[in-house]
Amino acid sequence: MKSGNRSSSSGISLSSVVRSLIPTRRRLRLDPRSKLYFPYEPGKQVQSAIKIKNTSKSHVAFKFQTTAPKSCFMRPPGAILTPGESIIATVFKFVEPPENNEKPIDRKKKVKFKIMSLKVKGVMDYVPELFDEQKDLVTVEQILQVVFLDIARPSPALEKLKRQIAEAETALETRKKPPEDTGPKVVGDGLVIDEWKERRERYLARQQVEGEDSV
């Protein structure tokens, strides 16, 4: 009887392993695909960037996770993307000075990032709890490896990183700006004054002053 229970539990475990080995359809396209590039500046907070695009036909939520939450933070840590929408997310990390002749290649292996995705129904506000409530439907899109770049040595990866960070900063400033008001101005208790009326009143006032001066 006990052996039967053991075989049953091992069967469940085996099926779980088989499901995990089946390739899942990706909802997101990442650029870079599997790496996060950081300038190597020990003792400083440095910045990386990654472009995330929703390539599915549904709304998709994404979420960052890291093995070093105390020294890293993401902006945004998660969001909901409409079909075809893309965003450049930035990642901030404090680079600790090497210890005992430790090489950067050894340090980068200690920190990993993970991007997860979840299909959601239409437009809604992003909350991290979405991934806890529907954990069975969450897809791990990619485990990202940390790669340090020598800032004294120009490289295509370093130039691309600078461009992506600049794009992310521009997009952030654009989102911060209040929307332009192209409609008529409302003054006082619902009194609407448009540009034409203001101009006409100024013209009539000027004509009146000129008439009094001539008298």
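On a predicted model such as this, the values are computed, not experimentally measured, just so you know.
Nearest heavy-atom pair across K93 and C72 is CG-SG, 3.8 Å. Here the closest heavy-atom approach between residue I165 and residue A49 is recorded as CG1-CB, 4.0 Å. Across V46 and P39, no two heavy atoms sit closer than the pair CG1-O, 3.4 Å.
Taking the six-membered ring where tryptophan is involved, the planes of F113 and F64 are perpendicular, since the angle between them exceeds 60° and thus also 30°.
The same ILVMFWY cluster, assembled from side-chain heavy atoms under 4.5 Å apart, contains both L30 and V111.
In this structure, I87 CD1 and I80 CD1 are separated by 11.5 Å, a value rounded to the nearest 0.5 Å. Taken from CE in M74 to CD in Q65, the straight-line distance is 8.5 Å, to the nearest 0.5 Å. Residue D150 holds its CG atom at 10.0 Å from CD of E41, rounded to the nearest 0.5 Å. Distance CD1/I143 to CD1/I115: 9.5 Å, rounded to 0.5 Å. Distance check: L144 CG to K112 NZ gives 11.0 Å after rounding to the nearest 0.5 Å. Note that the CG atom of L28 and the NZ atom of K53 stand 11.5 Å from one another [nearest 0.5 Å].
Proximity of V138 to K63: side-chain heavy atoms (C-beta onward) are nowhere separated by under 4.5 Å. A 4.5 Å side-chain heavy-atom check between T139 and L118 finds every atom pair outside the cut-off. Taking the side chain as every heavy atom from C-beta outward, H59 and V120 approach each other to under 4.5 Å. Between E167 and T170 the shortest side-chain heavy-atom distance does not fall below 4.5 Å. Side-chain contact check for Y40 versus P98: some heavy-atom pair is nearer than 4.5 Å. In this structure the side chain of K114 never reaches within 4.5 angstrom of the side chain of T67, judged on heavy atoms. Contact annotation: the side chain of K119 never approaches that of L137 to less than 4.5 Å [non-hydrogen atoms, C-beta and beyond]. For the pair P32 and Q142, the minimum side-chain heavy-atom distance is 4.5 Å or more.
A donor-acceptor contact shorter than 3.5 Å is absent between the side chain of R27 and the backbone of K57. Between the side chain of N54 and the backbone N or O of E85 there is no donor-acceptor pair closer than 3.5 Å. Looking only at distances, no side-chain donor or acceptor of S71 sits under 3.5 Å from a matching main-chain atom of F94. One N or O on the side chain of S48 and one on the backbone of Y37 form a donor-acceptor pair closer than 3.5 Å.
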Residue pair V91, F38: steps toward the side chain to side chain contact (heavy atoms under 4.5 Å, CB included) verdict: CA-CA 9 Å; V91 183; F38 289 91; 3.9 Å; yes
Walk me through whether D31 and K160 qualify under side chain to side chain contact (heavy atoms under 4.5 Å, CB included). CA-CA 10 Å; D31 183 24; K160 182 177 180 179; 2.6 Å; yes
Would F131 and M116 count as a side chain to side chain contact (heavy atoms under 4.5 Å, CB included) if you check the C-alpha gap in whole Å, the side-chain angles of each, and the deciding distance to 0.1 Å? CA-CA 9 Å; F131 287 81; M116 301 177 295; 4.1 Å; yes
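Remark: R33 CZ is packed, more than 12 non-hydrogen atoms of other residues, nucleotides or ligands lying under 6.0 Å away.
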